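These figures come from a predicted structure and were not determined experimentally. So that the names make sense, note that chain A is the first sequence line, chain B the second, and so on, each numbered from 1.
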There are 2 protein chains.
Amino acid sequence: MSEQKRTGFQEVRDEVLQRIEDRVWPQGALLPTELELAAEFGCARATVNRALRELAERGIIDRKRKSGTRVAVTPVKQAKLDIAVMRKQVEEMNATYRYALVKRQQITAPAWLSSQLSLPADAQVLHLHCMHYADNRPLQFEERWINIAAVPEVVEADFESVGPNEWLLAEVPFSNAEIAFSAVAASDQLAEFLTCTTNTPLFQMERTTWFQQQPVTFVRMTFHPGYRMSTRY
Amino acid sequence: MSEQKRTGFQEVRDEVLQRIEDRVWPQGALLPTELELAAEFGCARATVNRALRELAERGIIDRKRKSGTRVAVTPVKQAKLDIAVMRKQVEEMNATYRYALVKRQQITAPAWLSSQLSLPADAQVLHLHCMHYADNRPLQFEERWINIAAVPEVVEADFESVGPNEWLLAEVPFSNAEIAFSAVAASDQLAEFLTCTTNTPLFQMERTTWFQQQPVTFVRMTFHPGYRMSTRY
DNA sequence: CAGTGGTCTAGACCACCAG
DNA sequence: TGGTGGTCTAGACCACTGG
């Protein structure tokens with residue numbers, strides 16, 4: 001007696017994925033309809049739908065009404081990067097995290113920043129320099145500008161003990177952002193804070209953040225020499 | 001009562017998200033149960049479930065059986081990077097793509113590579129150097145090693161006209177990979193191919209790829225000076 | 001043990017779009 | 001215009017886990 005297989009949506013999803021990997025359904029091939037698959041797997045159509053929807057979200061298959069479901073021709077690989085707070089990252093490595101405020105200054109936004117954040121010409125911003133350490137070794141230099149109009153409470157924060165990232169995350173959670181990665185040569189200032197020689201190649205991450213269409217902050221984070229950011233997909 | 005609103009799962013999802021942003025439910029707060037929300041929105045529990053599941057996947061809320069659904073305290077920001085084929089990327093910028101094979105050589109895997117890919121000591125690999133151009137300006141230098149045992153057909157490919165990335169994508173689609181980003185100083189070779197001076201900081205991406213538990217390829221892609229990789233989330 | 005989310009079902013209607 | 005996926009429903013049972 002063939003034992004009843006548990007027909008969860010995960011089984012369906014994995015089996016379909018397996019068939020695609022095994023070229024049972026090669027690239028561009030048309031898959032059976034949801035109804036047909038439901039019959040084959042002995043489950044409801046909703047179950048098949050859930051399974052195929054997940055594969056579609058991963059870019060494995062393309063779905064279109066009427067025309068059906070096809071194996072993606074050029075699978076767009078999607079790498080997910082988990083951007084966490086520095087403190088968390090350090091603590092996950094079983095290292096001791098330390099934060100230090102280097103500079104805190106309220107200024108009128110320079111022209112390039114007003115342009116970057118779509119701010120009025122005379123907008124007031126808080127300009128910060130911070131350092132993050134892991135086991136007392138320099139990990140990241142952070143230069144940040146915060147739009148005071150968007151977060152008026154920020155003028156009360158001294159950022160001596162809590163970093164601006166964590167403060168903002170608590171104050172303005174669930175914001176949208178644009179992020180960019182690049183390689184830069186260490187300036188004299190960066191070299192000093194990250195204890196390396198001038199012109200050393202450094203990994204840099206820039207991020208612009210909005211909350212409900214309003215620009216909140218722009219931050220430039222530069223990592224110590226040799227830093228690698230990695231992920232799986 | 002108030003007019004029946006269209007209660008799609010998207011409406012529920014967006015409304016819940018709005019309330020979280022508006023601090024109706026602050027960080028750490030316990031949300032109503034699915035049944036309660038279903039009653040409030042006048043829809044089935046499955047609809048609420050779908051809505052909340054999507055928010056949970058985005059890291060906005062944490063869900064646990066019995067204890068219920070809570071607003072995430074430290075929302076883990078997930079940035080999605082779309083890793084596409086170079087040719088596609090260039091064509092999307094309305095630039096002319098050009099590819100060139102620099103070197104193609106079959107060798108015994110060096111020790112570091114055997115270690116990196118978990119290969120036997122005498123494994124044969126194909127070692128490639130390639131260049132990618134946009135509008136005839138150097139865009140990326142690619143150094144790649146392919147595990148011949150995993151893809152025997154690769155010895156027949158000459159890679160003169162089609163790059164190894166596209167070839168592998170067609171031959172071994174839907175593989176798993178580990179990816180790492182870093183900043184490096186231009187070696188003499190890199191400086192020559194990317195037309196920059198030695199020690200220029202360059203953005204580099206390394207990727208190890210497996211297909212069904214078997215190591216397939218390791219590739220090191222170095223971009224032209226000033227390259228930025230960006231995304232939204 | 002009991003409350004909550006996780007999943008499945010059988011059926012239904014709708015939206016889109018290729019023929 | 002009919003076929004296909006997209007979604008919703010009302011109900012059910014299960015799995016996990018806090019009290």
Side-chain angles (χ1 to χ4, degrees), chain A residues 2-17 19-20 24-25 27-73 75-76, chain B residues 1-17 19-20 24-73 75-76:
Chain A
S2 63
E3 51 183 343
Q4 285 282 5
K5 295 186 66 176
R6 198 174 68 80
T7 59
F9 77 93
Q10 303 187 31
E11 271 82 349
V12 177
R13 188 230 300 143
D14 295 344
E15 173 61 23
V16 169
L17 182 55
R19 291 188 193 174
I20 291 174
V24 177
W25 296 317
Q27 290 178 77
L30 190 63
L31 268 61
T33 67
E34 294 189 345
L35 233 30
E36 289 168 340
L37 286 172
E40 180 196 335
F41 287 109
C43 64
R45 184 168 81 96
T47 305
V48 174
N49 182 276
R50 167 97 188 257
L52 295 186
R53 180 163 18 101
E54 291 204 356
L55 292 176
E57 280 168 5
R58 286 153 65 172
I60 306 289
I61 56 178
D62 289 326
R63 317 198 72 194
K64 261 192 296 189
R65 284 164 158 129
K66 171 70 177 176
S67 39
T69 302
R70 291 183 178 279
V71 181
V73 187
V76 176
Chain B
M1 293 290 285
S2 57
E3 51 180 340
Q4 286 283 1
K5 298 183 64 174
R6 197 174 69 82
T7 59
F9 77 94
Q10 301 187 32
E11 269 84 346
V12 178
R13 190 227 305 145
D14 294 344
E15 173 61 23
V16 170
L17 183 56
R19 291 188 193 176
I20 292 176
V24 178
W25 295 317
Q27 290 178 78
L30 190 62
L31 269 62
T33 67
E34 294 190 343
L35 271 176
E36 291 167 341
L37 286 172
E40 181 196 335
F41 288 109
C43 64
R45 184 169 79 94
T47 304
V48 173
N49 180 277
R50 167 98 188 256
L52 295 186
R53 185 173 2 111
E54 290 202 357
L55 292 177
E57 281 169 4
R58 290 200 228 162
I60 307 288
I61 57 179
D62 290 327
R63 318 197 72 193
K64 259 192 297 189
R65 283 160 156 130
K66 171 70 179 177
S67 39
T69 302
R70 289 181 178 281
V71 181
V73 189
V76 177

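Spacing between atom CG of Leu37(B) and atom C1' of dG3(C) amounts to 15 Å, rounded to whole angstrom units. Lys66(B) places its NZ atom 15 Å from the P atom of dG6(C), with the value rounded to the nearest Å. Rounded to whole Å, the distance from CD on Glu34(B) to P on dA10(D) is 15 Å. The interatomic distance linking Glu54(B) (CD) with dT7(D) (P) rounds to 8 Å, in whole Å. Distance, Leu35(B) CG to dG6(C) C1': 13 Å, rounded to whole Å. Distance CG (Asn49(B)) to P (dG5(C)): 9 Å, rounded to an integer number of Å. If you take CG of Asp62(B) and P of dG5(C), they are 13 Å apart, rounded to a whole angstrom. Protein atom CZ of Arg53(B) is 13 Å distant from nucleotide atom C1' of dC8(D), rounded to whole Å.
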For this session: Start with the C-alpha distance between Ile60(A) and Arg13(A), add both sets of side-chain angles, then the distance that settles side-chain contact (heavy atoms from CB on, under 4.5 Å), and finish with yes or no.
Result: CA-CA 11 Å; Ile60(A) 306 289; Arg13(A) 188 230 300 143; over 6 Å; no
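The base-pairing partner of dG19(C), taking Watson-Crick or G-U wobble contacts with both distances under 3.5 Å, does not exist among the strands shown. Across the strands present, dG6(D) finds its partner in dC13(C); the criterion is a Watson-Crick or G-U wobble pair with both atom distances under 3.5 angstrom.
Residue Arg50(A) is in sugar-phosphate contact alone, with no base atom involved, counting any heavy-atom pair closer than 4.0 Å across all strands shown.
Note on Arg58(A) versus Glu54(A): no salt bridge recorded, every NZ/NE/NH1/NH2 to OD/OE distance being 4.0 Å or above. Using a cutoff of 4.0 Å between basic side-chain nitrogens and carboxylate oxygens, Glu34(A) and Arg53(A) are not scored as salt-bridged.
Under 4.0 angstrom from either OP1 or OP2 of dG3(C) there lies no side-chain N or O belonging to Ser67(B). Between Arg45(B) and the phosphate of dG5(C), there is no side-chain N or O to OP1/OP2 separation shorter than 4.0 Å. Dashed line: the shortest gap from a side-chain N or O of Thr69(A) to OP1 or OP2 of dG5(D) is under 4.0 Å. Residue Arg65(A) places no side-chain N or O under 4.0 Å from the OP1 or OP2 atom of dG3(D). Contact check, Gln10(B) against dT7(D): a side-chain N or O comes under 4.0 Å of OP1 or OP2.
Within the 4.5 Å cutoff, side-chain heavy atoms of Leu52(B) are placed close to those of Leu37(B).
The side chain of Thr33(B) lies closest to dT4(C), out of dG6(C), dA10(C), dT4(C).
Of the residues near DNA chain C, Ala46(B) and Lys64(B), the one whose nearest nucleotide (by heavy atom distance) lies more toward the 5' end is Lys64(B).
With hydrogens and angles disregarded, a donor-acceptor distance shorter than 3.5 Å links the side chain of Arg70(B) to the backbone of Gly28(B).
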